[in-house]
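A short write-up of the structure that comes next.
Chain identifiers are assigned alphabetically (A, B, ...) following the order of the sequence lines, protein sequences preceding nucleic acid strands; residue numbering begins at 1 within each chain. The basis for the numbers below is simple: all heavy atoms, side chains too, and nothing from hydrogens, waters or symmetry mates.
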Number of protein chains: 2
Amino acid sequence: MVAHSLRARVRAGMIDEIKAVARRHLATDGANLSLRAVARDMGMVSSAIYRYFPSRDDLLTALILEAYEALGDAVEAADAGVDRADLRGRWHAAFRAARTWALANPAEYALLYGSPVPGYAAPADTVAPASRPPLTLVGILCDGVADGRLDPPAEELSEPLRTDVAELGVLLAVDLPPALLARGMAGWTQLFGLISFELFGRINGMLPHRDEYFDHQTGLMADLVGLPAA
Amino acid sequence: MVAHSLRARVRAGMIDEIKAVARRHLATDGANLSLRAVARDMGMVSSAIYRYFPSRDDLLTALILEAYEALGDAVEAADAGVDRADLRGRWHAAFRAARTWALANPAEYALLYGSPVPGYAAPADTVAPASRPPLTLVGILCDGVADGRLDPPAEELSEPLRTDVAELGVLLAVDLPPALLARGMAGWTQLFGLISFELFGRINGMLPHRDEYFDHQTGLMADLVGLPAA
DNA sequence: TATCGTCAAGAGCAGTGCTCTCGGTTTTGA
DNA sequence: TCAAAACCGAGAGCACTGCTCTTGACGATA
């Protein structure tokens with residue numbers, strides 16, 4: 001038993017080291033991760049990597065899963081760090097946490113929210129961790145509706161869309177008026193649109209004060225979903 | 001003259017054919033475009049391609065430029081096809097045109113708005129064509145402010161941001177209250193966030209009626225920038 | 001102790017971008 | 001008109017990639 005767990009332990013250590021080295025390469029060389037380069041950095045031969053990851057895509061998948069978890073942790077922790085009644089503060093904290101994580105890990109963010117890798121299909125395991133940030137946002141809305149602090153929007157969704165959004169609500173296990181859920185999705189879309197624009201260089205050269213710009217746009221979306229001022 | 005223009009003409013024809021074949025490969029194989037595969041499809045040897053494009057990145061750049069122009073054409077044409085006074089109709093038309101083009105050309109859209117290719121730096125020629133869609137949107141806002149149909153938002157931007165956005169306004173040669181320009185940028189961000197989410201599979205499995213969803217979110221942003229109803 | 005699973009190494013295959021050289025054609029200019 | 005210059009395609013070759021297979025050694029297990 002001890003012997004077996006010892007071997008298993010060094011194996012787990014190898015896997016961790018490979019992922020760490022790969023993450024380092026990802027940060028410098030971008031998404032085209034070279035297995036051979038990773039192996040070189042570890043003083044190994046490229047074929048030895050295949051003892052631990054059956055293919056390059058599996059290594060990428062492992063990195064993607066970890067990145068989703070890290071982003072989810074960051075967003076949820078930021079939300080949890082604010083007084084539950086301060087809906088707007090929680091909204092801003094969640095937005096900021098996502099951006100901060102993305103700026104600190106641009107290559108991994110690009111892996112998650114950039115163009116999908118051509119031959120690569122995201123496994124189903126990723127959908128749960130990937131939905132943690134949007135779930136955090138709609139959680140804020142749910143809390144607001146529950147204690148009457150947040151008034152749902154006046155408009156009603158017309159028919160084909162209303163049932164779609166309602167079904168999405170039961171899928172996410174949230175109880176929100178469809179019109180409000182749709183506005184929440186606009187906030188979610190805006191969040192990652194903002195980060196992608198900033199990270200992918202679409203606002204290069206303009207807007208030197210990025211933090212202020214991001215916070216202001218965050219506030220616009222907070223208004224859109226109906227969060228009360230302070 | 002005739003002789004010279006004859007050779008120049010077959011050269012231009014070759015360049016066009018290479019781009020066409022490359023675009024076809026882009027659609028099937030994604031962003032990792034293979035020069036050798038393109039050459040094979042043309043019955044040529046890979047080195048012959050280098051007579052026309054000094055490197056693979058230059059071929060990619062040519063495709064990117066054409067894609068930007070095509071997208072810009074589509075958006076501007078859609079806007080131009082609506083009665084100038086119908087601000088909301090123009091807004092919706094521009095949004096829809098961008099999405100329609102992206103759905104018809106997913107690989108090229110990913111090239112423009114996906115994660116930047118690692119070793120590749122977008123040349124400066126791309127910034128002008130890339131700004132045509134957002135310029136179309138702010139053009140609608142300008143027209144609305146000019147004829148008094150659109151009331152600027154009540155809020156005022158606080159200081160570091162206000163000058164940033166104002167400078168951006170002069171850069172774009174538009175005369176808008178900074179707060180309104182910021183809201184316009186939110187609409188621009190939302191547009192490409194929506195398209196990216198849809199195209200990159202982030203709303204797979206939910207929302208079967210994508211057109212209705214897109215139109216509704218477009219309307220939310222029209223409200224945000226203050227476009228009058230119909 | 002003997003056996004079986006695990007491991008790293010190496011050779012090798014097919015593919016990539018890119019460079020260079022070699023003939024042949026076309027255009028140019030005196 | 002005819003030589004010089006420019007252009008073009010083919011081919012070989014380099015360094016690199018992901019991946020497969022085989023070989024030999026090590027360590028845990030029964």
Respond yes when some side-chain nitrogen or oxygen of [X] is under 4.0 Å from OP1 or OP2 of [N], and no when none is.
X: B:Tyr52; N: D:dG9; answer: yes
X: B:Arg40; N: C:dG15; answer: no
X: B:Arg11; N: D:dC7; answer: no

Nearest-angstrom distance from the residue atom [atom1] of [X] to [atom2] of [N]:
X: B:Asp58; N: C:dT19; atom1: CG; atom2: P; answer: 11 Å
X: A:Asp29; N: D:dG18; atom1: CG; atom2: P; answer: 11 Å
X: B:His25; N: C:dG17; atom1: NE2; atom2: P; answer: 10 Å
X: A:Ile49; N: C:dG10; atom1: CD1; atom2: C1'; answer: 15 Å
X: A:Met42; N: C:dA9; atom1: CE; atom2: C1'; answer: 15 Å

Selection from [options] that lies nearest to any side-chain heavy atom of [X]:
X: A:Leu35; options: D:dC19, D:dG9, C:dA8; result: D:dC19
X: B:Ala48; options: D:dA10, C:dG17, C:dC7; result: D:dA10
X: A:Arg56; options: C:dT16, D:dC19, C:dA8; result: D:dC19
X: B:Arg36; options: C:dA9, D:dG18, C:dG17; result: C:dG17

Does the distance from a Lys or Arg side-chain N to an Asp or Glu carboxylate O, for A:Arg96 and A:Asp211, drop under 4.0 Å? no

Which part of the nucleic acid, if any, lies within contact of [X], taking any heavy atom under 4.0 Å across all strands shown: a base, the sugar-phosphate backbone alone, or nothing?
X: A:Met14; value: sugar-phosphate
X: B:Phe53; value: nothing
X: B:Leu59; value: nothing

Think B:Arg99 forms a cation-pi with B:Phe192, using NZ or CZ under 6.0 Å from the six-ring centre and within 45 degrees of its axis?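 No; the conditions do not both hold, so B:Arg99 does not lie above the ring face of B:Phe192.
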
With A:Asp41, which residues qualify under side-chain contact (heavy atoms from CB on, under 4.5 Å), at least two apart?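 Testing A:Asp41 for side-chain contact (heavy atoms from CB on, under 4.5 Å), a comparison that skips the adjacent residues, returns A:Val21, A:Arg24, A:His25.
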
Tell me if the CG atom of B:Asp175 is crowded by more than 12 foreign heavy atoms within 6.0 Å.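 Atom CG in B:Asp175 is not crowded, with 12 or fewer foreign heavy atoms closer than 6.0 Å.
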
5'-most by nearest nucleotide on DNA chain D - B:Met44 or A:Ala37: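 Of the two residues, B:Met44 wins.
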
Name each donor-acceptor pair under 3.5 Å that joins a side chain in residues 43-53 of chain A to protein atoms two or more places apart or in another chain, with its distance.
none

Using a cut-off of under 3.5 Å, enumerate the N/O to N/O pairs linking the protein to nucleotides 20-24 of chain D.
none

Just by modelled atom types, is the A:Gly193 backbone N or O under 3.5 Å from a matching donor or acceptor in the A:Ser196 side chain? no

Side-chain donor-acceptor contact under 3.5 Å, A:Asp58 with A:Thr61: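 The criterion, which ignores hydrogens and geometry beyond distance, is not satisfied for A:Thr61 and A:Asp58.
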
